[in-house]
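Just below is one structure, and these are the notes that go with it.
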Amino acid sequence: MNSGDNHTFTVFGWLVCVWVLLVSFQYGFHISSLNQIQAVLTCRVRDGAPSTYYGLPTCISMSDATFSVLTSIYTVGGLLGSVGANIIMDRWGRKGAVLVSAFIMAIGAGFMSVAASLSPLIVGRLLTGVAAGVGLCVGPIYISEIAPSKIKGSVGVLTQFAIVIGIMSTQAMGLKLATPLTWRIVLLFSSALSLAQLLAGPMIVESPVWLNRHGLLRDKDSSARRLWKGGHAVRSPDVANENLEDPLLDPDDERSSLNPERREEHQPAVSVPQALVRAEFRRPLAIVCFSMLCQQLSGVNAVLYYSNDILSKTLPELGPYVSLGITVVNVFMTFAPIFLIDRMGRKKLLSLSATGAILSLVAVGFGLDSGAVTLASIAVMTFIASFAIGIGPVPFVMIPEVSPHQAVSALSSIGLSLNWIANFLVGLVFLPLRNLLSHREADKEGRVFYVFAALLAFFTFLLFQTYRG
């Protein structure tokens, strides 16, 4: 079912869009929710605070290794959530999956906000990861299925925009709330936001695409009328897979929904094992996987790891505001693809983004190895800008666009699971690989960024070979 070319969102449609984007916001929020409060959370900074406050300890003592485990357990939870997300989406609908994500997030963040020891903190962190894994799978699909076709790409980019807004929010909150008496408010805010999302749930409509596939035609028409101006003109069975001006798959690809005889709205949902082995899904599977690998193997997390250290040397007076400043740049540059993606097309935007990111990675490596801190600082910012205009947002737009509608949930689960795995592996091998290549010499630490430049170039090449843009 298509949202026709003449459709635009109603005010209610935009509200539904914002409601869905909260799951992406929460994902970004918890990526960095512990970073700004680490010192007070782990008892490194006490500032003369009492040992307890409202019956809860003002900090939870732990070593750096333990804190690393606490941080990384989020990725484990994300993988678990992504693996099971397709079952939730197909059984309970897109709206149901968002509600499941919000429910788990409310519990997980709530656990963390009232934790008196390490165990509930870890359990809560794991649950927030599970919620983020489910939410990151369903969010782009839900958004694509309700977005009017003329602005489908622009609305799809809002997923990444919500993520970086989440990151920026937790960093901004941490600047004021990173004290022994107030750090729990950061986590409590996340739990309260998810509770508000749950309470708003009854007012939200289900995706017309999911309703159509399950034969709920009256509900589909009602949903369409509320989401779109001119919603009565709904005509096709597939919102997510219409051919756009810049198709990611060939127009005559097997998933084309323009041929009425090939509509597959009554086919049962495809499972993950089926999506992995059936020949007709090989191209969309390859596109989804390569786009996710480009995103994570670009070394974005490695660059962010170094960015604080590099920019703090260049701008020592800014100190704790460096991380927030980097995120502000990320947010600002994510505006660009909102306006450019439907004008330039996905492939051109990815080409521009990947080229800028590769050159920036090489410059970061050269700057670190040669002691040119100013060059490295500039290269960090150009990398973040390059990532934000394409590699960051476009993969989330691509998943629902290239996936056959009966396999979109399964391919989303596969792609996002791969994303979490690659994220975890980069975090696991980054420091050992840096030490191996630099022989623990400070003036050779930039070599690791050449590796990420090569990986990004390789997987971008594979991605561009997979489809014709």
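These numbers come from the heavy atoms of this one structure, side chains and all, not from hydrogens, waters or symmetry mates. Here the structure is a predicted model, which is why all the values come from computation and not from measurement.
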**Study point:** Donor-acceptor under 3.5 Å (Ser291 side chain, Ile287 main chain)
**Key:** yes
Review point. Is it true that the side chains of Thr466 and Arg282 contain a donor and an acceptor less than 3.5 Å apart?
Key: no
**Study point:** Closest non-hydrogen atom pair between Gly108 and Leu127, with its separation
**Key:** CA-CB, 3.7 Å
Check your understanding: What distance separates Cys59 SG from Tyr53 OH, expressed to the nearest 0.5 Å?
Key -> 15.0 Å
Practice item. Say whether, by atom type as modelled, one donor and one acceptor occur between the side chain of Glu145 and the main chain of Pro208 under 3.5 angstrom. Key: no
Check your understanding: Do Ser117 and Ile60 touch side chain to side chain, with heavy atoms closer than 4.5 Å?
Key -> no
**Study point:** Working for side chain to side chain donor-acceptor pair (under 3.5 Å), residues Arg94 and Ser409
**Key:** CA-CA 10 Å; Arg94 313 314 191 210; Ser409 299; 3.2 Å; yes
Exercise for review: Let me see the working for Ser222 and Arg225 under side chain to side chain contact (heavy atoms under 4.5 Å, CB included), right down to the final yes or no.
Suggested key: CA-CA 5 Å; Ser222 175; Arg225 283 192 295 269; 4.1 Å; yes
Review point. Does CZ belonging to Phe67 count more than 12 external heavy atoms closer than 6.0 Å?
Key: yes
Check your understanding: Any side-chain donor-acceptor pair under 3.5 Å between Ser360 and Thr382?
Key -> yes
Practice item. Answer yes if the side chains of Thr75 and Asn423 hold a donor-acceptor pair under 3.5 Å, and no otherwise. Key: no
Exercise for review: Measure the shortest side-chain to side-chain distance between Phe459 and Gln295 over non-hydrogen atoms and say whether it is less than 4.5 angstrom.
Suggested key: no
**Study point:** Thr128 vs Phe29 side-chain heavy atoms within contact, under 4.5 Å
**Key:** no
Review point. Donor-acceptor pair, Gln197 side chain versus Leu99 backbone, under 3.5 Å?
Key: no
Practice item. Measure the spacing between CG of Leu126 and CD1 of Ile122 and express it to the nearest 0.5 Å. Key: 9.5 Å
Point to revise | Any side-chain heavy-atom pair of Leu80 and Trp420 under 4.5 Å | key: no
Check your understanding: Judged by atom type as modelled, is there a donor-acceptor pair below 3.5 Å linking the side chain of Thr179 to the main-chain atoms of Thr182?
Key -> yes
Point to revise | Verdict with reasoning, Ile414 to Val288, per side chain to side chain contact (heavy atoms under 4.5 Å, CB included) | key: CA-CA 8 Å; Ile414 294 169; Val288 169; 5.9 Å; no
Point to revise | Ile167, Thr170, Thr71 screened by side-chain contact (heavy atoms from CB on, under 4.5 Å) with Ser33, the one that passes | key: Thr170
Review point. Would one find more than 12 heavy atoms of other residues, nucleotides or ligands at under 6.0 Å from atom CZ of Phe111?
Key: no
Point to revise | Closest approach of Gly153 to Val397 (non-hydrogen atoms, all atoms of both residues) | key: O-CG2, 4.0 Å
**Study point:** Geometric class of the Tyr27/Tyr74 ring pair [parallel <30°, tilted 30-60°, perpendicular >60°]
**Key:** parallel
Check your understanding: Any side-chain heavy-atom pair from Leu175 and Gln171 closer than 4.5 angstrom?
Key -> no
Review point. For the atom pair OG (Ser207) and CE (Met89), what is the distance rounded to the nearest 0.5 Å?
Key: 11.5 Å
Exercise for review: Answer yes or no: is there a donor N or O on one side and an acceptor on the other, between the side chain of Ser144 and the main chain of Pro140, under 3.5 Å?
Suggested key: no
**Study point:** side chain to side chain contact (heavy atoms under 4.5 Å, CB included) between Phe396 and Ile163, worked out
**Key:** CA-CA 11 Å; Phe396 294 119; Ile163 291 172; 4.0 Å; yes
Practice item. Drop me the distance from Leu361's CG to Ser298's OG, to the nearest 0.5 angstrom. Key: 7.0 Å
Review point. Do Trp19 and Val98 come within less than 4.5 Å of each other through their side chains, counting heavy atoms only?
Key: yes
Review point. Would Leu462 and Leu293 satisfy side chain to side chain contact (heavy atoms under 4.5 Å, CB included), going step by step from the backbone distance to the final call?
Key: CA-CA 10 Å; Leu462 292 180; Leu293 287 172; over 6 Å; no
Exercise for review: Please examine the side chains of Ser223 and Leu227, heavy atoms only from C-beta on, and report whether any two atoms are closer than 4.5 Å.
Suggested key: yes
Practice item. First locate atom CD1 of Ile341, then atom CD1 of Ile389, and finally report the distance between them rounded to the nearest 0.5 Å. Key: 11.0 Å
Review point. Shortest non-hydrogen contact from Pro395 to Met292?
Key: CB-CE, 3.5 Å
Review point. Does NZ or CZ of Lys95 lie under 6.0 Å from the centre of the six-membered ring of Tyr142, at an angle within 45° of the ring axis?
Key: no
Exercise for review: Could you pull out the closest heavy-atom pair between Gly299 and Phe452, with the gap in Å?
Suggested key: CA-CD2, 3.6 Å
Exercise for review: State, with a plain yes or no, whether a side-chain heavy atom of Val134 is found less than 4.5 Å away from one of Ile88.
Suggested key: yes
Check your understanding: Any Lys/Arg nitrogen of Lys152 or Glu401 sitting under 4.0 Å from an Asp/Glu carboxylate oxygen of the other?
Key -> no
Point to revise | Reported CZ-to-CG distance for the pair Arg226 and Leu15, which is rounded to 0.5 angstrom | key: 10.0 Å
Practice item. Please report the closest heavy-atom contact between Leu411 and Pro404, naming both atoms and the distance. Key: CD1-CD, 4.1 Å
Check your understanding: So, the side chain of Ser101 versus the backbone of Ala131: is there a donor-acceptor pair under 3.5 Å, distance only?
Key -> yes
Practice item. Please check if the side chain of Ser113 supplies one atom and the backbone of Leu187 the other of a donor-acceptor pair under 3.5 Å. Key: no
Check your understanding: Under 3.5 Å, is there a donor-acceptor pair between the side chain of Ser403 and the main chain of Val408?
Key -> no
Check your understanding: Short question: side chain of Arg125, backbone of His30 - any donor-acceptor pair under 3.5 Å?
Key -> yes
Check your understanding: Taking atom CZ of Phe424 as the centre, does the number of heavy atoms from other residues, nucleotides or ligands within less than 6.0 Å exceed 12?
Key -> no
Exercise for review: Could you tell me which non-hydrogen atom of Ala106 sits nearest to which non-hydrogen atom of Ser191, and how far apart they are?
Suggested key: O-OG, 2.9 Å
Check your understanding: Taking Gln26 for the side chain and Ala132 for the main chain, is one N or O donor matched with an acceptor at less than 3.5 Å?
Key -> no
